[in-house]
Amino acid sequence: MFIEINQVNKTYHTGDVVFQALTDVDFTLERKEIGVILGPSGSGKSTLLNVIGGVDSADSGTVKIGSKVITGMNSKELTLYRRASVGFIFQFYNLIPNLTVEENVEVATNISAHPMKVDDILRAVGLTDKKKRFPRELSGGQQQRVSIARAVAKNPELLLCDEPTGALDYKTSKDILALLEKINKTLGTTILIITHNNAISGIADRVVRIRSGEITESWINEEKIPAERIEW
Ligand SMILES: Nc1ncnc2c1ncn2[C@@H]1O[C@H](COP(=O)(O)OP(=O)(O)OP(=O)(O)O)[C@@H](O)[C@H]1O
């Protein structure tokens, strides 16, 4: 298994209030698979993604990514893990507004040991003709393509996507999911998507449902549905 999460617990402390965000979470994903974590708002999806991405830590349990056990890493080791292995995609793109498309992607290639060529990745996401534009001059779908290009440019083995289509219309959402499928197929990147949209689970190899911090259901899709054929 590429991702192996075992009995992960996570609490948040606000003053005297302790909130249990994740309870005994188990989850696995093979290398080169697409995984989807489904759940309503507040169910713990982002918390789980942040623990997997090494931006937050579990209270107990183990998270193993490839050969690395990231639970127990110190903050310097976690920074190196994130930088080398993980690309992040967010609902609201998080692009740098005063940098062009090309420069936004270069931010990632500049800190990577084995970056892809910026022109190659912009061609792959269909943005060659927009490389001198600024984010505000692009549609939401185009901005999400830039953020995917930035995440993929450092050639990470794992791509973590937090509601990647949450701010997009139906047609553009399907285009973005199709782009993620293409990246998974052509680069072999393992992709994990969190979403409240059940339909997106069709494109996944493995799906788990989370509710109030607990995994309530998990399944393997014997027959995946390509992004262009899913409907909601
Ligand atoms: N830093 C924090 N301090 C205290 N409570 C938090 C913190 N972060 C998240 N929580 C709580 O943990 C629970 C899970 O939050 P999380 O963001 O993981 O859910 P989610 O499923 O990603 O929700 P959404 O889809 O709305 O983003 C929520 O009830 C939230 O209020």
Side-chain angles (χ1 to χ4, degrees), residues 3-29 33-65 70-75 78-79 81-82 86-95 140-141 143-144 147-148 150-151 156 158-170 172-174 176-177 180 190-204 206-219 227 230 232:
I3 298 182
E4 270 185 78
I5 295 171
N6 214 329
Q7 293 291 296
V8 159
N9 287 277
K10 170 77 186 171
T11 49
Y12 290 113
H13 299 255
T14 314
D16 291 340
V17 181
V18 178
F19 181 81
Q20 181 90 23
L22 297 175
T23 306
D24 296 338
V25 167
D26 293 327
F27 174 71
T28 55
L29 193 63
E33 283 188 339
I34 297 178
V36 164
I37 298 172
L38 283 176
S41 180
S43 56
K45 303 183 298 294
S46 301
T47 303
L48 182 54
L49 205 74
N50 288 341
V51 168
I52 295 170
V55 289
D56 207 345
S57 58
D59 299 340
S60 62
T62 54
V63 175
K64 192 167 167 228
I65 309 294
I70 65 164
T71 31
M73 280 185 176
N74 63 31
S75 70
L78 280 174
T79 303
Y81 156 72
R82 283 195 304 269
V86 190
F88 292 92
I89 294 168
F90 304 98
Q91 180 174 0
F92 297 109
Y93 330 126
N94 292 11
L95 299 174
Q143 290 186 60
Q144 192 58 300
S147 97
I148 291 172
R150 178 183 57 186
L158 177 61
L159 204 50
L160 298 179
C161 312
D162 190 343
E163 294 279 6
T165 62
L168 301 174
D169 64 58
Y170 180 66
T172 310
S173 294
K174 293 188 16 156
I176 290 297
L177 293 172
L180 292 174
T190 308
I191 298 183
L192 184 57
I193 300 170
I194 63 172
T195 179
H196 66 275
N197 184 345
N198 288 337
I200 291 177
S201 64
I203 72 166
R206 281 165 207 267
V207 187
V208 295
R209 195 183 293 283
I210 186 168
R211 195 173 289 271
S212 303
E214 293 185 58
I215 303 293
T216 56
E217 219 182 327
S218 67
W219 67 94
I230 61 173
W232 66 84

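Atoms within a ligand are numbered from 1 in the order they appear, just like the ligands themselves.
- Distances from atom 6 (C) of ligand 1 to the protein include at least one heavy-atom value under 4.0 Å.
- Near P40, meaning under 4.0 Å from one of its heavy atoms, ligand 1 places the atoms 21 (O).
- Judged by the shortest distance from any of its heavy atoms, G213 lies outside the 4.0 Å radius around the atoms of ligand 1.
- With L159 as the fixed residue, the side chain to side chain contact (heavy atoms under 4.5 Å, CB included) test singles out one of L180, L192, T190, I193: L180.
- For ligand 1, the atoms sitting less than 4.0 Å from at least one non-hydrogen atom of T14 are 4 (C), numbered in the order shown with element in parentheses.
- Residue contact check: S46 has heavy atoms under 4.0 Å from atoms 17 (O), 18 (O), 20 (P), 22 (O), 27 (O) of ligand 1.
- Assignment of G44 to the shell around ligand 1 is supported, since a heavy atom sits closer than 4.0 Å.
- Counting all heavy atoms, side chain and backbone alike, A151 lies closest to I89 at CB-CG1, 3.8 Å.
- The protein non-hydrogen atom at the shortest distance from atom 23 (O) of ligand 1 is G42 N, 2.7 Å.
- For atom 31 (O) of ligand 1, no protein heavy-atom neighbour is present inside the 4.0 Å cut-off.
- When atom types are taken as modelled, the side chain of Q20 and the backbone of G213 share no donor-acceptor pair closer than 3.5 angstrom.
- The protein heavy-atom contact nearest to atom 4 (C) of ligand 1 is Y12 CB, 3.3 Å.
- Distances between N or O atoms of F19 and those of ligand 1 include no value under 3.5 Å.
- For the residue pair F90 and Q144, the shortest heavy atom distance occurs at O-NE2, 2.9 Å.
- Listed here is the closest heavy atom pair of I210 and K45: CG2-CG, 3.8 Å.
- Proximity of a side-chain donor or acceptor of D56 to a complementary backbone N or O of N50 within less than 3.5 Å is not detected.
- Of the possible donor and acceptor atoms, none in the side chain of R206 sits under 3.5 Å from a partner among the backbone N and O of F27.
- With T71 contributing its side chain and V63 its backbone, the two residues share a donor-acceptor pair below 3.5 Å.
- For the residues G166, S41, A21, S212, the heavy atom positioned nearest atom 26 (O) of ligand 1 is part of S41.
- Residue, atom and distance of the protein heavy atom nearest to atom 16 (P) of ligand 1 are T47 OG1, 3.7 Å.
- Taking every heavy atom of S43 and a limit of under 4.0 angstrom, the matching atoms of ligand 1 come to 19 (O), 20 (P), 21 (O).
- For atom 25 (O) of ligand 1, the closest heavy atom belonging to the protein is K45 NZ, 2.8 Å.
- Here the shortest heavy-atom pairing between S46 and D162 reads OG-OD2, 3.4 Å.
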